[in-house]
Structures are given as structure tokens and as C-alpha cells.
Amino acid sequence: SLTQVSKVIVGSPQSTVILTGINDDSDYLLTVNNVFLSSATDVKMRFTEGGSGDSSSNYFTRYYVAYHDSSNGSSITSSSNNIDLSQAIGTTYNNGLAMMCYLYGFQGSRHSTAVFHNSHRNLSLGRFSSIKGGAMLNETGAKDGVYFYCGGGSANFSSGTFVLYRINS
């Protein structure tokens, strides 16, 4: 079963979305849907410590991208200061982002880990994308949530629903 920990519904433009409340070593589920931005750019994520995004260059990410035209791609990122979740999502009805993400090891001595699957329209290439991947923050120490921001320019989140759940055993 799931217990809702935190929820943010974006109803007016904002530059960041923060969900906190991870306070034990349970596994967590993060759902994101109907995310649109004020201008086309990437959506990026960091883990939070004390409610603030951890901007250290200790994120390691690997993902696989499947495109609607049967092509694919992949990416490996080492020593980055964020987890890049998308490829230029946009502002209109068919250019949004939806995602499910499992979060592990946020309160223990292990590394904090995210496993995600998202779908969005890649505006830079004009095609639908489905990304499956994982990321690890190569630090020990308690993290208490997630921090989302737009990757370029002065873009803001125009809409979206972000929900963090604890997975009960």
C-alpha cells in the first residue's frame, strides 16, 4: 500500500517544485503528470538535503530512450550536478511530461538512488520519447526529498501534479 507524503499542484508559474518528507529508509514512489513549461527546455531533478536541492557534482545517470519512429538512443552521465529527465518538453497539450520514479536509500548509509520511466514529446527532434533510466547520488548521508527545475533560460513550470508516496511493506 501507499501513503501520500507530499503533493504539489502547479497552478501558476514557478521556477522549482520541491517535495520533501522522506524521513525513513522505506522505498518511495514519485508520480509526475501533466507537466508543461513556459518555454521549451529540459526538466531536471536533484535530491534534497534539509529541503534544498543538492547541487554537488556527484550524480551518475544512465538511461535508454525509445522514440516513436523505432529509433533509440542512450546516455551515460558521470559527475553531473543534476539528473536530466527529458529532452526539450514544451508548452502545449501534446508536449508535456509524465513520469513514475522509485526512490531508494535516501535515509540510510547507502547511496541515494532513483529508477525512472517517463514519456514526453521531444521538441528538439519533433518526436515522442520514452525514457527508462536510473540515477545515483554518490554520497552517503540522509536526503529528504526531490527538487525539480527547468534546465534552460528563464523557463518556469506552468502546470503539473507532483506526488511523493511512501511504499508500505
Side-chain angles (χ1 to χ4, degrees), residues 1-10 14-35 37 41-66 72-89 96-120 122 129-152 155 157 159-169:
S1 66
L2 301 174
T3 302
Q4 184 176 307
V5 174
S6 182
K7 182 176 185 177
V8 173
I9 298 173
V10 176
Q14 58 190 73
S15 60
T16 63
V17 173
I18 301 170
L19 296 111
T20 59
I22 296 177
N23 59 10
D24 63 21
D25 205 27
S26 297
D27 297 335
Y28 288 79
L29 171 65
L30 172 66
T31 62
V32 175
N33 65 61
N34 295 318
V35 173
L37 307 179
T41 192
D42 293 4
V43 172
K44 299 188 178 196
M45 181 174 75
R46 294 177 173 152
F47 302 151
T48 60
E49 185 172 348
S52 297
D54 184 332
S55 61
S56 66
S57 293
N58 295 317
Y59 292 94
F60 293 78
T61 306
R62 170 132 194 175
Y63 63 78
Y64 174 82
V65 184
N72 60 66
S74 62
S75 176
I76 300 173
T77 305
S78 299
S79 302
S80 177
N81 69 356
N82 67 73
I83 301 164
D84 193 345
L85 296 170
S86 68
Q87 300 171 323
I89 70 163
L97 171 77
M99 179 179 76
M100 286 186 2
C101 178
Y102 290 93
L103 305 171
Y104 306 101
F106 271 49
Q107 288 288 302
S109 59
R110 309 178 291 185
H111 303 297
S112 302
T113 304
V115 176
F116 53 90
H117 179 197
N118 76 53
S119 297
H120 66 282
N122 179 333
S129 300
S130 175
I131 295 180
K132 297 163 188 66
M136 177 188 73
L137 179 57
N138 192 20
E139 298 176 351
T140 55
K143 304 301 177 205
D144 61 359
V146 291
Y147 169 97
F148 292 93
Y149 67 102
C150 300
F157 292 95
S159 65
T161 302
F162 300 75
V163 186
L164 178 64
Y165 299 94
R166 178 181 297 109
I167 300 172
N168 302 311
S169 50

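One-based numbering along the sequence shown.
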- Taking the inter-plane angle between the rings of Phe148 and Phe162 on a 0 to 90° scale, is it parallel (under 30°), tilted (30 to 60°) or perpendicular (over 60°)? tilted
- Message: With side chain to side chain contact (heavy atoms under 4.5 Å, CB included) as the test, pick out the partner of Cys101 among Leu30, Leu29, Thr31.
- Response: Leu30
- Query: Just checking, any donor-acceptor pair under 3.5 angstrom between side chains of Asn34 and Thr161?
  - Reply: no
- Message: With heavy-atom distances below 4.5 Å as the criterion, would you say the side chains of Tyr147 and Ser52 are in contact?
- Response: no
- Message: Are Asp84 and Thr61 packed together at the side-chain level, in the sense that at least one heavy-atom pair is separated by less than 4.5 angstrom?
- Response: no
- Flag the pair Phe157 / Leu37 as yes when at least one side-chain heavy-atom distance between them is below 4.5 Å, and no otherwise. yes
- Item | No-hydrogen, no-angle side-chain donor-acceptor test under 3.5 Å, Tyr59 and Arg46 | no
- Return the minimal non-hydrogen interatomic distance between Leu137 and His111, and the atom names on each side. O-CB, 3.5 Å
- Query: Under 6.0 Å from the NZ atom of Lys7, do we count more than 12 heavy atoms belonging to anything else shown?
  - Reply: no
- Message: Are the side chains of Val35 and Val17 in contact, using a 4.5 Å heavy-atom criterion?
- Response: no
- Considering all heavy atoms of both residues, which atom of Lys143 and which atom of Ser112 are nearest to each other, and what is their separation? CG-OG, 3.3 Å
- Spacing of Glu49 atom CD and Ser56 atom OG [to the nearest 0.5 Å]: 9.0 Å
- Item | Validation row: Gln14, Val8 side chains within 4.5 angstrom (heavy atoms) | yes
- Without swapping roles, check the side chain of Asn118 against the backbone of Leu85 for a donor-acceptor pair under 3.5 Å. yes
- Query: Going from CD1 on Ile131 to OG on Ser74, what distance comes out if it is rounded to the nearest 0.5 angstrom?
  - Reply: 11.0 Å
- Shortest non-hydrogen contact from Gly21 toward Tyr28: O-OH, 4.3 Å
- Message: For the CG atom of Leu19 and the OG atom of Ser6, what is their distance to the nearest 0.5 Å?
- Response: 4.0 Å
- Give the C-alpha distance, both sets of side-chain angles, the deciding distance and a yes or no for side-chain contact (heavy atoms from CB on, under 4.5 Å) between Asn138 and Met136. CA-CA 6 Å; Asn138 192 20; Met136 177 188 73; 4.0 Å; yes
- Query: In terms of ring plane angle, is the pair Tyr102 and Tyr104 parallel, tilted or perpendicular, where the classes change at 30° and 60°?
  - Reply: parallel
- Specify the closest pair of heavy atoms between Gly133 and Tyr63, including all atoms of both residues, with the distance to one decimal. CA-CB, 3.7 Å
- Query: If you look at every heavy atom in Gly50 and Asp144, which pair is closest and at what distance?
  - Reply: N-OD2, 3.2 Å
- Query: Which heavy atom of Ser86 sits nearest a heavy atom of Leu97, and at what distance?
  - Reply: CB-CD1, 4.4 Å
- Message: Using only atom types and a distance under 3.5 Å, with no angle test, would you say the side chain of Gln107 pairs donor to acceptor with the backbone of Ile22?
- Response: yes
- Output, in order, the C-alpha distance, side-chain angles, deciding distance and verdict of side-chain contact (heavy atoms from CB on, under 4.5 Å) for Arg166 and Asn168. CA-CA 6 Å; Arg166 178 181 297 109; Asn168 302 311; 3.7 Å; yes
- Item | Stepwise side-chain contact (heavy atoms from CB on, under 4.5 Å) check, Val32 with Val43 | CA-CA 11 Å; Val32 175; Val43 172; over 6 Å; no
- Task: Output the distance between atom OG1 (Thr113) and atom CZ (Phe47), rounded to the nearest 0.5 Å.
- Result: 7.0 Å
- Trace of the side-chain contact (heavy atoms from CB on, under 4.5 Å) decision for Arg62 with Tyr64: CA-CA 7 Å; Arg62 170 132 194 175; Tyr64 174 82; over 6 Å; no
- Item | Reported OH-to-OG1 distance for the pair Tyr149 and Thr41, which is rounded to 0.5 angstrom | 10.0 Å
- Does the side chain of Phe60 reach to within under 4.5 Å of the side chain of Ser79, using non-hydrogen atoms? yes
- Message: Return the CG to OG distance between Asn33 and Ser159, rounded to the nearest 0.5 Å.
- Response: 9.5 Å
- Query: Just wondering, do Ile167 and Leu2 contact through their side chains at under 4.5 Å, heavy atoms?
  - Reply: yes
